[in-house]
Amino acid sequence: MPELPEVETIRHDLEREVAGKRIKTVTITGSRSVRRHADVAALTTRLEGAKIDAVRRKGKYLLISAGDDWLVVHLGMSGQLRKCAPKEPVAPHTHVTMAFTQGGQLRYVDPRTFGEIFVVAKDELDSKVSEIADLGFDPIEDVISWNTFGGMLMARKAKLKSLLMDQKFIAGLGNIYSDEILWAAGLRYDRSSDSLTTQEVRRLYRALVETLHEAIKQRGSTLSDAQYVDLYGKPGGFQAEHKVYAREGQACPRCRATIVRHKWSGRSTWLCEACQV
DNA sequence: ACGCCCGCCTGTAAGC
DNA sequence: TGCTTACAGGCGGGCG
């Protein structure tokens with residue numbers, strides 16, 4: 001669920017709330033979230049005493065600068081970062097708690113433990129964390145020309161949705177935003193990437209950038225399961241703007257045909273078969 | 001290179 | 001009411 005707009009919202013909140021603070025103690029209560037570390041005590045030792053300088057984002061990864069290390073967080077499906085007062089009750093599935101010398105806590109909560117949290121030396125990020133080193137361009141951070149984007153599409157021969165969701169091609173999109181972007185571009189998920197006209201390439205690139213900017217402005221999408229909330233526990237607002245995602249049976253806002261759901265690649269895909277071609 | 005399925009997890013909801 | 005099953009989806013891995 002957390003895709004680029006949700007992760008960017010949390011990044012922005014973290015920048016405001018924890019940048020400049022010093023980590024006093026780290027408490028690990030769930031080992032699966034820190035599975036990358038064979039020695040969990042080493043992780044705690046490295047972080048304690050470190051000052052958080054800045055908070056970056058690459059695709060769906062949060063990179064929290066802590067001296068010479070990156071504290072890397074990937075929220076997976078159900079991960080949350082929450083700013084809490086020490087006396088607040090501890091939510092179920094809280095796996096990591098960081099307390100700051102200035103007071104306050106940052107808690108990592110993740111019921112399904114698809115997400116993870118780990119530390120890596122800054123100069124070893126590229127060599128040790130290939131899933132970050134191999135990420136494709138970030139559609140918010142890395143502005144490219146639609147012409148370049150078209151060249152990238154033509155160089156591949158894959159279904160559009162496969163490419164949009166391929167983190168090595170574009171970093172940050174998941175099921176929700178892929179469907180919304182394809183609707184905004186008026187393109188089907190199963191169009192071959194090398195079949196697009198110049199206008200279609202331009203429409204897709206524009207839909208990509210504009211949909212994400214609008215979603216960030218609305219602080220991301222919170223679905224009925226409320227698995228995504230921001231640093232303060234508040235839901236996003238972009239779900240109200242979804243045009244096709246989980247809107248099976250409703251009218252297409254553009255052409256009034258009925259939105260349908262296709263099962264594709266073991267996953268649900270929503271589209272308007274009338275105006276997505 | 002690409003398509004497609006599985007396993008990892010838990011919570012929720014639908015179906016019998 | 002109570003059990004079973006499906007589904008949600010990020011991502012790596014494996015297979016055809």
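All heavy atoms count here, side chains included; hydrogens, waters and symmetry mates do not. Naming convention: chains lettered A, B, ... in sequence-line order (proteins, then strands); numbering from 1 in each chain.
Close to B/dA1, at under 4.0 Å from its OP1 or OP2, lies no side-chain N or O of A/Lys168. Proximity of A/Ser162 to the phosphate of B/dG3: a side-chain N or O atom is located under 4.0 Å from OP1 or OP2. Phosphate contact (OP1/OP2 of B/dG11, side-chain N/O of A/His93, threshold under 4.0 Å): present. Between A/Ser268 and C/dA8 there is a side-chain N or O to OP1 or OP2 distance below 4.0 Å.
Between A/His37 and A/Phe118, the two ring planes are tilted [angle within 30° to 60°].
Nucleic acid contact class of A/Lys161 (heavy atoms, under 4.0 Å, all strands): none.
Between the side chain of A/Arg112 and the base of C/dA8 there is at least one donor-acceptor pair of N/O atoms closer than 3.5 Å.
Put simply, A/Phe114 rests on the base of B/dC8: the two rings are less than 5.5 Å apart at their centres and nearly parallel, under 30°.
B/dT10 and C/dT1 are spaced 27 Å apart, taking the P atom of each and rounding to whole Å.
In summary, A/Asp138 and A/Arg57 engage in a salt bridge, as defined by a charged side-chain N under 4.0 Å from a carboxylate O.
Closest to the side chain of A/Gln167, from the set C/dG10, C/dC11, C/dA8, is C/dC11. Side-chain atoms of A/Met77 lie closest to C/dA8 of the nucleotides C/dA8, B/dC4, C/dC11. Of the candidates C/dG12, B/dG3, C/dG10, C/dG10 carries the atom nearest the A/His74 side chain, counting heavy atoms from C-beta on.
When only modelled atom types and interatomic distance are considered, A/Glu17 and A/Tyr232 share a side-chain donor-acceptor pair under 3.5 Å.
In this structure, A/Gln276 contributes its side chain and A/Cys272 its backbone to a donor-acceptor pair below 3.5 Å.
Atoms CZ (A/Arg156) and P (B/dC2) sit 4 Å apart, rounded to a whole Å.
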